[in-house]
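Accompanying notes for the structure given below.
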There are 2 protein chains.
Amino acid sequence: MKATINDVAKQAGVSIKTVSRVMNNESSVRQLTREKVMEAVNALHYQPNLAARNLAGTKAYSIAFIYDNPNAYYVIDMQNGILAACKQQGFELLIHPCQAKSEHVLDEIADMVRKTRVAGLVLTPPFSEMPEFVQKIIDLDVDVVRIMSGDVAPDELAPCIMVNDHAASVSITQHLIDLGHKNIAFIGGEAAHMSTVERLRGYKQALTDNDIAIDERLIIDGEYSFESGVHGAKQVMSEDVRPTAIFSCNDEIAAGSLFAARLMGISIPDQLSIAGFENSPFSRQTWPRLTTANQPNQKIAEDAANLLIAKSRKQTAQNSVRHYTPQLIVRDSTGKSH
Amino acid sequence: MKATINDVAKQAGVSIKTVSRVMNNESSVRQLTREKVMEAVNALHYQPNLAARNLAGTKAYSIAFIYDNPNAYYVIDMQNGILAACKQQGFELLIHPCQAKSEHVLDEIADMVRKTRVAGLVLTPPFSEMPEFVQKIIDLDVDVVRIMSGDVAPDELAPCIMVNDHAASVSITQHLIDLGHKNIAFIGGEAAHMSTVERLRGYKQALTDNDIAIDERLIIDGEYSFESGVHGAKQVMSEDVRPTAIFSCNDEIAAGSLFAARLMGISIPDQLSIAGFENSPFSRQTWPRLTTANQPNQKIAEDAANLLIAKSRKQTAQNSVRHYTPQLIVRDSTGKSH
DNA sequence: AATGAAATTGACAGCGTTGTCATTATCAAA
DNA sequence: TTTGATAATGACAACGCTGTCAATTTCATT
């Protein structure tokens, strides 16, 4: 049923090694020979056995995706991006959700690496933002690419894909300011996440740039969840200085804020503007639809995977850095301040 | 860095075959020997090389997940379920999103199978509901488990996990009827999906059981999407016989219906009750929160994966069938008919 | 202590590739 | 035509494990 390289070699009248050369796109094969081989390959539906390749060779044929994130949209986007790169390059993808808090994370990853030879790991927050963790992974002798928040790479440990949350956050806040808002609240995600830190920094920067005083009472700590958005909005809307706009740190929080506003009989965007962040599908499925910033997760992940694959092929040690800035998308949840 | 079976054998003072026996939990190893070996295994952090195992042995150490579904919550749930089973059994998971409409689906899957030896494939709709497709996969000599809608398995091709959408749909419709509704609309998903068919069948059955006439004008074809829900609700609410309740075929459609109702100034649930199906996270994140039926996707997927793993281990040909019935969850989007 | 069956262990080949190195073909220049 | 350099090809040994089958040990019985 499954053809082996031997079958192909016989059928094409060449040695196994020549078939191997063709399958690996090596240059030193005559055009004629190459065609003969490909003909046999197609006729027999030959696919090189991955296990044998892994065992015999030194190249890798798969990459792993490490994450700890409850956000389905985020994970799926990332995954699809990585898969796109994998498909194009003939790689397989291994999925590894982990508990960042667990003491065994590193052991788990180490075990996985010991048994499966991967071209490298795609790390997302919070893993990508833990330098000691990244270092330990590298000590395992695996390549790594980090997707993280920031405008400059924090170190030279490994290639980075930087998401400029700061700049995007300035855009959103500026958008609210342009609509005439002065009392703008900020509902954050987990304070330990760089994305929260960076978005908060952007928010403050925009206020400062426009000579608006920063009011700490309008800045709420939270988590990246709907519930947290409900909670945060309730809290902030019962402050003495009632805000006329809320910048929620992601779309889920924004959806929660929307929910809370509804509970409190506050109409959006007439009495209160709400902005999210991420442009996840449901930012289009709330009522009203959310103003947000588009974070191109799929592209980012594809980029990351390609970086890893390229690095594994070229054996280059160069740590490239890529940059992405989420773009403002104005929808119906933000309006003029009255 | 990476310890091999040889290293362990030396350290433990036994042959590699004995180490192999221990790693595979074979019975004919003396307790003392087993302990010696395990000690060495732990000391060296030995993990059997997957590639070598695949190449040398006849067992499989991974399973594949085939799907074509734009619903992130669904995919993630399924995936997490499969991963849970995999983790427990030391299996790896290969993810394969496919375009059901593409002519190359089968070739893609065939290629994957030719190069990677898997214990089997987990098929979800629409793949699981295409008998010829399933047959062709089986002809490839791969095991398969199907997750699909229905109350009885349609054939003996492969093990099935049946989701009783019919019964669940009866519950939901009955719930609406119990609230006093008589004009109940039904907004369907893709007509080709068995889940749509089954849910429609349940809806009709409940009406019939309660001597309520079926009004075809209240039955709308659609897709499993938010937009389709918006569309369907607008359409059905402009009929002569305005319904007092809408049963949307899944939560996304229900969210869309909610959105449309809001656009039309219809208050939920006072003027209109809306029910969804699936209990996806955002059924809790709409306003008001959706009455729905809980489809335990994660459990279902875990079950499927375990079936596959067990089958691959025991070489048993028995095609087991499992059943799940989604349970009604009453929230705030449905209320008494006035 | 001797016997034999059952339990335990090991030697060795082979899984389907790739890496290394040797061999053969090719072709421009002498 | 011969030569030498280079391009193409092939032979063969790994890679790290499991399957097969043979060898050894164990232990209850004689």
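Everything numeric here is computed off the predicted structure, so don't read it as measured data. Below, chain A is the first sequence line, B the second, and so on; all start at residue 1.
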Inter-axis angle, terminal five-pair segments of the helix from C:dA1-D:dT30 to C:dA30-D:dT1 [nearest 10°]
40°
Expressed as a whole number of angstroms, how long is the span from [X]:[atom1] to [N]:[atom2]?
X      : N      : atom1 : atom2 : value
B:R117 : D:dT18 : CZ    : C1'   : 10 Å
A:K17  : D:dA11 : NZ    : P     : 13 Å
A:E26  : D:dG10 : CD    : P     : 14 Å
A:K59  : D:dC15 : NZ    : P     : 18 Å
B:I16  : D:dG16 : CD1   : P     : 11 Å
A:L32  : D:dA7  : CG    : P     : 19 Å
B:M23  : D:dC17 : CE    : C1'   : 12 Å
A:R34  : D:dA8  : CZ    : P     : 10 Å

Students should find this one: the first and last nucleotides of DNA chain C, 5' to 3', lying under 4.0 Å from a heavy atom of chain B. What are they?
C:dT8 to C:dG16
In this structure, CD1 of B:I63 is separated from CG of B:L307 (nearest 0.5 Å) by 10.5 Å
Roughly how far, to the nearest 0.5 Å, is OG1 of B:T4 from CD of B:Q47?
13.5 Å
Residues in residues 46-54 of chain A with a heavy atom under 4.0 Å of DNA chain D, by number, are none
State whether the distance check finds a donor on one side and an acceptor on the other, under 3.5 Å, for side chain B:R21 versus base D:dG19.
no
For a salt bridge (Lys or Arg N to Asp or Glu O under 4.0 Å) check, start with the C-alpha distance between A:R114 and A:D111, then their side-chain angles and the critical distance, and finish with the verdict.
CA-CA 5 Å; A:R114 284 193 190 98; A:D111 280 356; 3.1 Å; yes
Residue pair A:R30/A:A3 against DNA chain C: nearer the 5' end by closest nucleotide is A:A3
Only one of B:C160, B:P131, B:P159 forms a side-chain contact (heavy atoms from CB on, under 4.5 Å) with B:R146, so which one is it?
B:C160
Can you name the nearest heavy-atom pair linking [X] to [Y], along with the distance?
X      : Y     : value
B:F91  : B:S62 : CD2-N, 3.5 Å
B:I309 : B:A85 : CD1-O, 4.2 Å
A:S28  : A:R21 : OG-CD, 4.2 Å

Would you check if the distance from the ring center of B:F127 to the ring center of B:Y67 is below 6.0 Å?
no
May I ask you to verify if any side-chain N or O of A:T18 is less than 4.0 angstrom from the OP1 or OP2 atom of D:dG10?
yes
Ignoring backbone atoms, establish whether B:T4 has a side-chain N or O less than 4.0 Å from OP1 or OP2 of D:dC15.
no
Can you confirm whether A:N42 is buried at CG, in the sense that more than 12 heavy atoms of other residues, nucleotides or ligands lie under 6.0 Å from that atom?
yes
More than 12 non-hydrogen atoms from neighbouring residues, nucleotides or ligands closer than 6.0 Å to NZ on B:K299, yes or no?
no
Polar side chain donor-acceptor pair, B:D303 to B:Y324, under 3.5 angstrom
yes
Proximal nucleotide (of D:dA8, D:dT18, D:dG10) relative to the A:T33 side chain
D:dA8
Quick one, B:F65 and B:H96 - any side-chain contact, counting heavy atoms below 4.5 Å?
no
